[in-house]
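We use all heavy atoms of the structure for the numbers below, so side chains are in, but hydrogens, waters and symmetry mates are not. FYI, the numbering just counts along the sequence from 1.
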Amino acid sequence: ALLAQAALPGQKHWVVASAAMASAPSPVQLISIDEAGKCHVQEEAAALIRQVPGTLAVIGIAGLYRTGKSFLLNRLLGMQDGFMVGPSVNPCTKGIWMWGEPVQLAPNYHCLLIDTEGLGSAQRTTSCDMQIFSLCILLSSYFVYNSMGSVDEQAIDDLHLVLNLAQHIHSKSEANGISDKTDLSRYFPSFLWVLRDFHLRLTNAEGKAITEKEYLEDALKPLPGQEEKNAVRSMIKDLFPERDCHTLVRPVADEADLRHIEQLPYEELRPQFRTQVESFVNKVFRSVQPKLVGSSPVSGPVFVNLVSEYCEAINASAVPTIQSAWTSAVNRQLRTCLNDAVQLYNERVNVRVMELLPMSEVQLRDIHLTAESEALRIFMEPGIDETDPRFVEYRTELSRRMEHIHMHVESENSDASRRQCIAVAEQLYEERIAAKINTHGSYTTFDQLSYDWDRLREEYLQMTAGPAQAEVLSTALLQRMTDSMQRVHDQLQKASQDMCNNLEQRHAEALKHSSSLEQAKLQWQAERQELEMQLETKTKESATASPTEDEQSGFRGPWRRTRALPPCLKEGKPPPPSGGRPAVRPSAAAAPTKRSQMHFSKNSTHTDPRRVEDESAMAENSVETGKAAPHNEPQAADEQSPDSGCMVA
């Protein structure tokens, strides 16, 4: 209920964040101060602050010990028992502490709550009090000074540490000149003076009601005869131009309850006190601003570096110089961010990509752009002003280092791609092309070779990657393709030449055989003409000579005189039927003679030489058969009947 009432319209995120954190976090020491007065930054707190994203605001509280500083911080957290609150005279807080988790005020905007060891303790020297007071002011963007009672002479005297701030804190190094109060005020936080157990009425000298801020301004006016206290008043006004005041009545009426106020439920406190506390919470969160050094906002990592620079200056007995500390803190943070960004980029691009080489140029460029974006995000995470010359310098150095790594990876990718592409090209060529080319007759056309090269190209593109892919394809494989085409051309040309030679040989043999046939034909035709002439001569002799003369001439050939042909045969008509005159049975020599007449007809235009040989043999056989035929002697010419037979071979 308190958080809901205390939250301003713009503080919704803070309410949610603090309510969620209330169950887990606890106070963490930020700076410890040993007995020798040396300040030490605690790593646990530093690690928590480094993780805070975005802009950082810091609310610090200081004041005399045992005045309830921790209680006020607990109310800012909406808690009753966050920071330690105790009843003894010993301070509960040693050194400087912070709440264990920053409070989120808005997206990318968080607030640190810092509690300091009480001032004026017998366990600490004035020098130690000065260190604590100075560090709280240097680290805060909103400084709360807590005191008891009103702003009287004692309260002013208790703030004597302010007089030494100009001596213990410089805005610039001595080389740039001694800092004045006006210069320091540019780096000092807003100032809120909280007056506890305040019982006065807020009226002026005329009795008119005034505000708490007006009451503070009246109390800081110089008084005659109080030069030392007036110096404190003047220093407060000069160092804290933005200042305000808030009053709180006594929380309980019973003194015993006051000693154990941390054990009392918040609802049992005086209603007026609770109302004033809620007003205090509203005022603080309404007025708090991001921590700035000059005009530059401070992020979590830079804040840690700033704390370290201040502590180192105090430990060296030097005066903390805000500007020098800020410069050193920024440079340290930029170096850290640069190293972190380069390490991330190197891990993303160099280490991981090396395991995946080779890869395409597009894929490598995408990995480079992604890694570059992540590296820039880490580098810019502290929120340092981008117009700061130091930021520009380190940003340029980051780009140079990333480009160097990128170029190295590109070179390695190119070499790996070349090795892979050459190996795959050789393997595919030997398996797909060379094996067939070396086998005679595997390729009978160029289309077959072209088809194999298309398949090889597809497999090559699937099995390879990287920038050398196209280069190897257009050089090594293109040369292999040209050579293979030439070899196949030579093989096909040789096969064609062999075929032509074979055809020419066969053609020559055919021509030779045809010439032999022509000669045989001419020889046969000559023999035929000679035989026909002999036949014609014998026929004429046979027609004019008598049988007695024939027999006397000793002619024993297949031709002999027979009876005159019947008129039917002379006219080409068939012989008369068997009912007429009896047919004369030809002799045994008649059949071959008739065949000879048929084959040696003058009208014949084609005769197979082999048939000539067969016919010659048959003719000789007929002659021999005619000589040995056991039939009667031929009758006399005057005894032959005109229709009794015909001349047959």
N/O donor-acceptor pair under 3.5 Å between Q289 side chain and A57 backbone: no
N315 backbone acceptor or donor facing K38 side chain under 3.5 Å: yes
Any side-chain heavy-atom pair of E44 and Q29 under 4.5 Å: no
Atom pair NE2 (H110) and CG (L105), whose distance is rounded to the nearest 0.5 Å: 8.0 Å
Heavy-atom check, side chain of S32 versus side chain of Q42, under 4.5 Å: yes
Full working for side-chain contact (heavy atoms from CB on, under 4.5 Å) between I61 and L72: CA-CA 9 Å; I61 188 168; L72 293 178; 3.9 Å; yes
Whether E117 side chain and G95 backbone form a donor-acceptor pair below 3.5 Å: yes
Any L135 side-chain heavy atom under 4.5 Å of T116 side chain: no
side-chain contact (heavy atoms from CB on, under 4.5 Å) between I59 and L112, worked out: CA-CA 6 Å; I59 299 174; L112 288 180; over 6 Å; no
Nearest atoms (heavy-atom pairs only) where F188 meets L239: CB-O, 3.4 Å
Residues K283, D244: salt bridge by 4.0 Å N-O rule: yes
F273 and F280 aromatic centres sub-6.0 Å: no
Show which side-chain atoms of residues 303-313 pair as donor or acceptor with protein atoms under 3.5 Å away, not counting sequence neighbours.
residue: N305; atom: ND2; partner: P301; partner atom: O; Å: 3.4
residue: N305; atom: ND2; partner: A329; partner atom: O; Å: 3.4
residue: N305; atom: ND2; partner: Q333; partner atom: OE1; Å: 2.9
residue: S308; atom: OG; partner: V304; partner atom: O; Å: 3.1
residue: E309; atom: OE2; partner: R332; partner atom: NH2; Å: 2.8

Heavy-atom donor-acceptor pair, K229 side chain to D157 backbone, under 3.5 Å: no
Spacing of CD1 belonging to I378 relative to CE belonging to M380, to within rounding of 0.5 Å: 13.0 Å
Under 3.5 Å: donor-acceptor pair, side chain of S373, backbone of L369: no
For F391, all residues meeting ring pair (Phe, Tyr, Trp, His ring centres under 6.0 Å), sequence neighbours excluded: F379
Side chain N346, main chain N350, donor-acceptor under 3.5 Å: no
Test item: K237 and P222 side chains (from C-beta on) under 4.5 Å apart, heavy atoms: yes
Inter-residue atom distance C128.SG - M130.CE, 0.5 Å rounding: 11.5 Å
Aromatic ring proximity, centroids under 6.0 angstrom, F143 and F133: yes
N339 and V342: CA distance, side-chain angles, deciding distance, side-chain contact (heavy atoms from CB on, under 4.5 Å) verdict: CA-CA 5 Å; N339 293 333; V342 171; 5.9 Å; no
Contacts of H368 that satisfy ring pair (Phe, Tyr, Trp, His ring centres under 6.0 Å) - sequence neighbours left out: Y345, H406
Spacing of L30 atom CG and D115 atom CG [to the nearest 0.5 Å]: 11.5 Å
Side chain proximity check, Q131 to S134, heavy atoms < 4.5 angstrom: no
H246 vs L192 side-chain heavy atoms within contact, under 4.5 Å: yes
Any donor-acceptor N/O pair, S234 side chain to N230 backbone, under 3.5 Å: no
salt_bridge(R274, E278) N-O dist < 4.0 Å: no
Candidate pair T247 and R196, rule side chain to side chain donor-acceptor pair (under 3.5 Å), full reasoning: CA-CA 6 Å; T247 60; R196 304 288 298 275; over 6 Å; no
Interatomic distance, L216 atom CG to L195 atom CG [nearest 0.5 angstrom]: 8.0 Å
R243 side chain to F240 backbone, donor-acceptor under 3.5 Å: yes
Set of residues satisfying salt bridge (Lys or Arg N to Asp or Glu O under 4.0 Å) with respect to R348, sequence neighbours excluded: E374
4.5 Å side-chain heavy-atom contact, V58 and L113: no
M407 vs V409 side-chain heavy atoms within contact, under 4.5 Å: no
Partners passing salt bridge (Lys or Arg N to Asp or Glu O under 4.0 Å) against E393 (at least two apart in sequence or in another chain): none
Salt-bridge criterion met for E43 and R50 (N-O under 4.0 Å): yes
R270/R250 under side-chain contact (heavy atoms from CB on, under 4.5 Å): CA gap, chis, key distance, verdict: CA-CA 8 Å; R270 293 174 63 185; R250 194 181 185 90; 3.7 Å; yes
E397 side-chain N/O to L338 backbone N/O, donor-acceptor pair under 3.5 Å: no
Contact list for residues 138-153, test salt bridge (charged side-chain N to carboxylate O under 4.0 Å, His left out), sequence neighbours left out: E153-R233
Shortest non-hydrogen contact from L200 toward S150: CD1-CB, 3.7 Å
Separation of R395 CZ from D388 CG (nearest 0.5 Å): 14.5 Å
Other residues, nucleotides, ligands: >12 heavy atoms within 6.0 Å of H40 NE2: yes
Donor-acceptor contact present, side-chain S141 to main-chain P290, <3.5 Å: no
